A.B. asks: 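I'd like to ask you about the structure that follows.
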Protein chains: 2
Amino acid sequence: MRTIYSEDHQLHDGLLEPDGDGWAPSVECPARANNVVAAILERKLGDSIPPRSYGDDKLTTVHDPDYVNFLSLAWSEWIAAGEKGSNAKPFAFVGAGMRYADTRNIHGRLGRYSFGSNAPLVAGSWQAIRRSAEVGLTGADLILEGERFAFSACRPPGHHATTAQCGGYCYLNNTALAAQSLIHAGMDRVAVLDVDYHHGNGTQSIFYERDDVLTLSLHADPALEYPYFLGFKDEQGSGPGEGFNRNYPLPFGTDWKAYSEPLHDALKHIQDFFPSAVVVALGLDTFAGDPISYFEILAEDYISMGQRIGALNLPTLVVLEGGYALDAIGENTVNFLEGIENA
Amino acid sequence: MRTIYSEDHQLHDGLLEPDGDGWAPSVECPARANNVVAAILERKLGDSIPPRSYGDDKLTTVHDPDYVNFLSLAWSEWIAAGEKGSNAKPFAFVGAGMRYADTRNIHGRLGRYSFGSNAPLVAGSWQAIRRSAEVGLTGADLILEGERFAFSACRPPGHHATTAQCGGYCYLNNTALAAQSLIHAGMDRVAVLDVDYHHGNGTQSIFYERDDVLTLSLHADPALEYPYFLGFKDEQGSGPGEGFNRNYPLPFGTDWKAYSEPLHDALKHIQDFFPSAVVVALGLDTFAGDPISYFEILAEDYISMGQRIGALNLPTLVVLEGGYALDAIGENTVNFLEGIENA
């Protein structure tokens with residue numbers, strides 16, 4: 001299996017999050033992707049290739065042009081406004097009954113285009129974000145060119161990003177861009193299976209009214225866990241998309257035994273959908289040792305998880321999403337990928 | 001003129017806001033109200049009396065019961081969750097297309113009930129918030145009992161707070177609660193004039209579909225300034241409230257000369273409305289020396305502003321909102337109040 005990877009993710013570094021009455025380095029850090037790629041090389045999973053280049057028109061197949069424009073300019077607007085912080089992040093959001101107004105203030109623009117303060121922008125973020133999307137898009141192209149498997153080692157991750165808002169460490173939705181690219185190239189149906197610990201709210205919302213992309217997500221119950229405001233069981237799609245979204249909210253403490261049952265159900269729905277390809281949004285934050293999560297999946301379980309998905313016997317693109325246990329993310333990722341290849 | 005004031009606002013202390021890559025004490029601090037009350041005593045404006053007590057049913061005339069319940073419990077939920085920060089504040093919000101879901105996680109609940117991270121809760125906040133609402137409600141009662149003027153020295157302020165969300169240093173909408181109390185007691189029509197530097201989005205939204213409360217706000221253009229997502233000129237009310245909301249967005253640099261023209265227009269609309277009383281949301285952050293604002297109103301201008309409003313010759317309740325120039329907020333407030341009394 002080939003891995004698509006860009007060193008440009010290193011530019012998206014120095015993210016901060018609140019920690020008591022101070023700030024701490026974000027768990028979403030370059031070491032995540034570095035450790036994944038190191039494990040791939042060490043375990044000789046296959047070649048690592050750089051992403052191809054794509055025009056903005058490819059990004060706007062999923063995202064609003066105004067949003068892409070905002071992401072590309074936000075850091076320079078932050079500096080132009082005289083802001084001193086190394087992390088540009090919003091404090092004011094569009095509340096209930098407010099308008100998605102076209103404000104000219106950078107603080108307003110950050111809030112307009114975010115659903116949280118946990119997707120900060122630093123000086124090098126845009127280059128990393130754009131290349132991460134291209135890592136996803138290149139993966140889709142490899143599948144279109146006939147490869148059975150491909151792994152897009154994306155960073156920053158993307159599955160929380162919606163058409164026009166960032167949040168949860170995500171800016172452009174790499175997974176959705178890849179799935180849309182497969183459809184655009186002529187595939188009739190594509191399934192997106194999100195196994196990140198957190199609900200893939202962005203991916204769900206992007207395809208919610210469509211019947212050509214089946215979206216499924218297994219995740220911690222949003223009544224207990226981020227993103228809190230989407231990912232419930234009753235969200236099944238709308239309009240032509242009715243029945244083409246499935247959520248599996250799971251309790252804290254879910255282990256492989258408890259996980260494999262809803263996974264089995266999701267895979268059955270994928271089979272019944274007869275997709276031309278599957279895109280897996282791979283979060284490794286279901287791991288028992290993840291520092292911000294409460295599932296109990298073990299390292300060897302990722303082999304089983306990969307095997308189950310590989311048994312679909314479909315062209316499969318795996319896109320890296322979350323996972324914050326730095327010492328384990330590499331092994332867990334390769335376990336999953338080897339499982340897929342050896343189903 | 002009598003002032004209603006509670007020392008309990010001191011409990012709402014130690015608020016933090018982001019400052020570069022650190023945190024700084026919030027400009028919304030106890031010294032604001034302390035300095036206002038000190039100036040009132042020094043200039044012998046009149047007695048200061050404590051607020052009366054009111055039941056929760058009075059708060060829910062304007063706010064959702066679930067929201068009031070959240071505010072009363074949030075700090076204990078924050079502590080119960082093991083959080084270490086002295087300021088409970090949200091990082092995740094209800095984005096476009098997300099649901100106002102009934103999450104059980106304190107971070108989710110903070111986000112569900114906020115439209116920004118700039119309304120933090122500290123250990124003593126709820127007591128201060130509740131008493132501030134009672135300061136506003138007592139002012140309304142004084143007007144109902146026949147006093148021509150009253151001043152509710154509220155802290156925390158309230159005009160950004162909506163039926164079910166806090167933001168912009170505001171939690172319960174003291175001004176809206178007072179106006180609603182006047183209506184509830186039998187007044188046919190009440191006008192709310194908001195002269196704070198920031199748009200009174202909460203007050204506007206609470207009365208937006210009603211024709212018995214005319215809401216008017218003069219403020220910095222939201223295309224340039226907080227709250228960014230409401231306060232534009234085309235917001236004129238809806239349904240039965242169509243025509244009963246007026247916004248006057250003004251440019252940075254607005255001085256008294258430029259301010260007095262839209263004020264004249266707003267006062268004319270109040271006269272045409274024939275209200276039984278006026279509630280003034282008094283922000284002193286239009287002051288030239290305000291540290292977070294960009295208007296150029298001078299200390300003596302507040303006398304003129306008060307005189308213009310006093311010339312309406314209507315029972316008038318003044319409710320304290322913003323204003324962050326600690327050395328000047330007392331003098332500016334008393335200038336305004338003396339202007340009203342000596343119109």
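Within every chain, numbering begins at 1; the chains are lettered A, B, ... in the order of the sequence lines, protein sequences first and strands thereafter. Values below: all heavy atoms of this structure, side chains included; hydrogens, waters and symmetry mates excluded. All of these numbers come straight from a predicted model, not from anything done at the bench.
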A.B. asks: Would you say the side-chain atoms of B/Asn105 pair up with the backbone N or O of A/Glu225, donor to acceptor, closer than 3.5 Å?
C.D. replies: no
A.B. asks: Would you call the rings of A/Tyr226 and B/Phe91 parallel, tilted or perpendicular, taking 30° and 60° as the class edges?
C.D. replies: parallel
A.B. asks: Just so I understand: if I count every heavy-atom pair under 4.5 Å between each of A/Pro222, A/Gly20, A/Ala164, A/Gly111 and chain B, which residue has the most?
C.D. replies: A/Gly20
A.B. asks: Rounded to the nearest 0.5 Å, what's the gap from CZ on B/Phe93 to OG on A/Ser117? Could you check?
C.D. replies: 6.0 Å
A.B. asks: Find the one option among A/Ala101, A/Ser86, A/Gly231 whose heavy-atom pairs under 4.5 Å with chain B are most numerous.
C.D. replies: A/Ser86
A.B. asks: Give the C-alpha distance, both sets of side-chain angles, the deciding distance and a yes or no for side chain to side chain contact (heavy atoms under 4.5 Å, CB included) between B/Thr103 and A/Phe229.
C.D. replies: CA-CA 8 Å; B/Thr103 173; A/Phe229 310 116; 4.3 Å; yes
A.B. asks: Which heavy atom of A/Met98 sits nearest to which heavy atom of B/Pro227, and what is that distance?
C.D. replies: CE-CB, 4.2 Å
A.B. asks: Check B/Gly95 against A/Phe115 and note the closest heavy-atom contact, atom names and distance.
C.D. replies: CA-CB, 3.5 Å
A.B. asks: Hey, which of B/Pro18, B/Gly85, B/Ala119 has the most heavy atom pairs under 4.5 Å with chain A?
C.D. replies: B/Gly85
A.B. asks: Please classify the contact between A/Ser205 and chain B as side chain, backbone, both or neither, with a heavy-atom cut-off of under 4.5 Å.
C.D. replies: neither
A.B. asks: Sort B/Asn201 into side chain, backbone, both or neither according to what part of it lies under 4.5 angstrom from a heavy atom of chain A.
C.D. replies: side chain
A.B. asks: Which value, rounded to the nearest 0.5 Å, describes the distance between B/His107 atom NE2 and A/Tyr228 atom OH?
C.D. replies: 5.5 Å
A.B. asks: Could you check whether atom CG of B/Asp102 has more than 12 heavy atoms from other residues, nucleotides or ligands sitting under 6.0 Å from it?
C.D. replies: no
A.B. asks: Which one wins on heavy-atom pair count under 4.5 Å against chain A: B/Gly22, B/Gly167, B/Gly97, B/Pro90?
C.D. replies: B/Gly22
A.B. asks: Checking heavy atoms, do the side chain of A/Arg109, its backbone, both or neither come under 4.5 Å from chain B?
C.D. replies: neither
A.B. asks: For each of A/Gln204, A/Arg99, A/Glu83, tally heavy-atom pairs with chain B at distances under 4.5 Å, and name the one with the top tally.
C.D. replies: A/Arg99
A.B. asks: Can you measure from CG (B/Leu224) to CZ (A/Arg104) and round to the nearest 0.5 angstrom?
C.D. replies: 4.5 Å
A.B. asks: Do side-chain atoms of B/Gln165 reach the backbone of A/Ala96 as a donor and acceptor pair under 3.5 angstrom?
C.D. replies: yes
A.B. asks: Quick check on B/Leu16 against chain A: is it the side chain, the backbone, both or neither that has a heavy atom closer than 4.5 Å?
C.D. replies: side chain
